[in-house]
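Along the sequence shown, residues carry numbers from 1.
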Amino acid sequence: IVAISESTRRDISELGEIDASKIDVVYQSCAPRFTETPPSYKMWQVREKYELPDRYVLNVGSIEERKNVLLAIEALHYLPDDVSLVIVGRQTPYSDMVHEQVLEQHLQSRVHMLHNVPSDDLPSLYRMADAFVYPSRYEGFGIPIIEAISQGLPVVACTGSCLEEAGGPDNLYVSPDDPKAMAHALTQVLFGAPGRQQRIERSRQYIRRFENTEAARHFADLYAELLENEY
């Protein structure tokens with residue numbers, strides 16, 4: 001069995017009652033386009049197309065309950081009014097519920113939900129953001145975190161699954177049920193905390209272990225080992 005993270009490996013072993021020695025971990029990576037800086041004209045086009053705010057925290061992923069994006073919305077109440085949240089994901093029944101919550105909390109001017117975004121626009125959306133937030137309660141790995149770090153963003157995510165494994169020790173992680181802690185962490189990464197750029201660079205070094213060439217090598221080694229044991 002191949003798992004996509006150590007966290008998933010533990011889950012498979014515990015929930016499936018499978019010997020952990022039969023489970024190998026091979027990490028995923030993000031698409032190569034996320035490691036490149038989008039040209040200025042492309043970023044300008046994307047900003048105009050989606051009417052992006054000047055300063056925003058980005059969230060990318062399917063909009064569903066376990067992704068817990070309402071935590072980031074609640075955290076906005078504790079952040080300055082010039083900080084917005086841009087949520088990218090396909091429209092779902094849960095996204096409709098999120099929209100209703102945004103209206104009830106009078107945050108419609110600060111929360112921007114973008115649906116059906118072409119993949120070609122995503123690198124620019126990352127690059128122009130000030131930070132990335134991923135408040136999910138549970139993930140198998142968390143590729144959007146890798147995409148965000150590749151584009152030079154600090155990340156605030158949640159504890160409880162594999163997100164620390166994906167983002168490494170130089171990003172911030174909070175409880176998925178604590179909006180004040182989320183706001184505090186976002187404040188730290190948004191407002192010039194000492195060593196911000198150094199932390200970003202260390203995160204970029206950390207995620208090199210997930211590069212596609214490494215994944216290919218791990219699969220090749222695994223197949224070779226299986227063939228050797230077979231014959």
Quick check against the 3.5 Å criterion: does S5 have a side-chain atom that pairs as donor or acceptor with the backbone of G140? yes
How long is the span from the CD1 atom in I207 to the SG atom in C30, to the nearest 0.5 Å? 6.0 Å
Which residues pass the side chain to side chain donor-acceptor pair (under 3.5 Å) test with D19, not counting sequence neighbours? S21
Exam field: side chain S13 to backbone R10, donor-acceptor pair closer than 3.5 Å: no
Donor-acceptor under 3.5 Å (D130 side chain, V57 main chain): no
First locate atom CD1 of I4, then atom SG of C162, and finally report the distance between them rounded to the nearest 0.5 Å. 7.0 Å
Side chain R199, main chain D170, donor-acceptor under 3.5 Å: yes
Go through the structure and list residues passing ring pair (Phe, Tyr, Trp, His ring centres under 6.0 Å) with Y94, not counting sequence neighbours. none
If you count the non-hydrogen atoms of other residues, nucleotides and ligands that lie under 6.0 Å from CG in D82, is the total more than 12? yes
Which residues pass the side chain to side chain donor-acceptor pair (under 3.5 Å) test with T37, not counting sequence neighbours? R127
Single-linkage hydrophobic cluster, 4.5 Å side-chain cutoff, M182 and V155 together: no
Among residues at least two apart in sequence or on other chains, which ones pass side chain to side chain donor-acceptor pair (under 3.5 Å) with S84? none
Would you compute the distance between atom CZ of F191 and atom CZ of R196 and round it to the nearest 0.5 angstrom? 10.5 Å
Are L163 and V189 in one and the same hydrophobic cluster, where Ile, Leu, Val, Met, Phe, Trp and Tyr link if side-chain heavy atoms are under 4.5 Å apart? no
Under 3.5 Å side-chain donor-acceptor pair for E147 and S150: no
Straight-line distance of N68 CG to C158 SG, nearest 0.5 Å: 6.0 Å
Results of salt bridge (Lys or Arg N to Asp or Glu O under 4.0 Å) for K42 - residues two or more places apart only: D120, D121
Can you tell me how far apart OG1 (T8) and CZ (F141) are? Round to the nearest 0.5 Å. 9.5 Å
Identify the heavy atoms of G167 and I145 that sit nearest to each other, and give their distance. CA-CG2, 3.7 Å
Quick one: does Q151's side chain have a donor or acceptor within less than 3.5 Å of a partner on E36's backbone? yes
How far apart are the C-alpha atoms of L52 and L125, what are their side-chain angles, what is the distance that settles it, and do they pass the side-chain contact (heavy atoms from CB on, under 4.5 Å) test? CA-CA 9 Å; L52 296 174; L125 284 163; 3.7 Å; yes
Does the structure place the NZ or CZ of R208 under 6.0 Å from the centre of the six-membered ring of Y206, at an angle of no more than 45° from the ring's axis? no
Is it the case that atom CD in E17 sees more than 12 heavy atoms from other parts of the structure closer than 6.0 Å? no
Hey, does the side chain of N59 reach the backbone of I87 with a donor-acceptor pair shorter than 3.5 angstrom? no
So if you build clusters from Ile, Leu, Val, Met, Phe, Trp, Tyr with side-chain heavy-atom gaps below 4.5 Å, do I143 and Y27 land together? yes
So which heavy atom on A166 is nearest to which on G142, and how close? CB-O, 4.2 Å
Residues S161 and E139: closest non-hydrogen pair is OG-N, 3.3 Å
Closer than 4.0 angstrom, basic N to acidic O: yes or no for D24 and R9? no
Just jot down the salt bridge (Lys or Arg N to Asp or Glu O under 4.0 Å) partners of R33, sequence neighbours excluded, or say none. none
What closest approach, in Å, do A75 and A183 show between heavy atoms, and which atom pair accounts for it? O-CB, 3.7 Å
Atom CD of residue position E65 - does it have more than 12 heavy atoms of other residues, nucleotides or ligands inside 6.0 Å? no
Set of side-chain contact (heavy atoms from CB on, under 4.5 Å) partners for E64, sequence neighbours left out: S62, R66, K67
Residues clustering with I23 (ILVMFWY side chains joined when closer than 4.5 Å, directly or via others): I1, I12, I18
Can you find a pair of side-chain heavy atoms, one from H218 and one from L222, that are under 4.5 Å apart? no
Should R110 and D81 be marked as a side-chain contact (heavy atoms from CB on, under 4.5 Å) after you check the CA-CA gap, both sets of side-chain angles, and the distance that decides it? CA-CA 8 Å; R110 298 179 63 192; D81 290 344; 3.7 Å; yes
Side-chain touch V88/V86, heavy atoms, less than 4.5 angstrom: yes
Are V83 and L71 connected in the hydrophobic side-chain network, where two residues link if heavy atoms are under 4.5 Å apart? yes
Apply side-chain contact (heavy atoms from CB on, under 4.5 Å) to residues S109 and L107 and explain how you reach the verdict. CA-CA 5 Å; S109 66; L107 290 170; over 6 Å; no
Let me check something: do V133 and L153 share a hydrophobic cluster, defined by ILVMFWY side-chain heavy atoms less than 4.5 Å apart, either directly or through other members? no
Fellow cluster residues of Y138, listed by chain then number, with links counted only when side-chain atoms sit under 4.5 Å apart: none
Does the side chain of S203 come within less than 4.5 Å of I200's, by heavy atoms? no
May I have all residue pairs that pass ring pair (Phe, Tyr, Trp, His ring centres under 6.0 Å) and include part of residues 99-136, sequence neighbours excluded? F34-Y126, Y126-F132, F132-Y134
Using a 4.5 Å cut-off on heavy atoms from C-beta on, say whether the side chain of D177 contacts that of R137. yes
For Q101 and I73, what are the C-alpha separation, side-chain angles and deciding distance, and is it a side-chain contact (heavy atoms from CB on, under 4.5 Å)? CA-CA 9 Å; Q101 286 292 315; I73 291 170; 5.9 Å; no
Rounded to the nearest 0.5 angstrom, the CZ-CG distance for R55 and L79 is 9.5 Å
The complete set of ring pair (Phe, Tyr, Trp, His ring centres under 6.0 Å) pairs with one or both residues in residues 38-91, sequence neighbours excluded, reads none
Please check: side-chain N/O of S29 versus main-chain N/O of F210, any donor-acceptor pairing under 3.5 Å? yes
Does any non-hydrogen side-chain atom of L172 lie less than 4.5 Å from one of Q188? yes
Any side-chain heavy-atom pair of R90 and I63 under 4.5 Å: no
Check whether any side-chain heavy atom of P154 lies under 4.5 Å from a side-chain heavy atom of V156, and answer yes or no. no
Check side chain to side chain donor-acceptor pair (under 3.5 Å) between E164 and all other residues, then give those that pass, not counting sequence neighbours. none
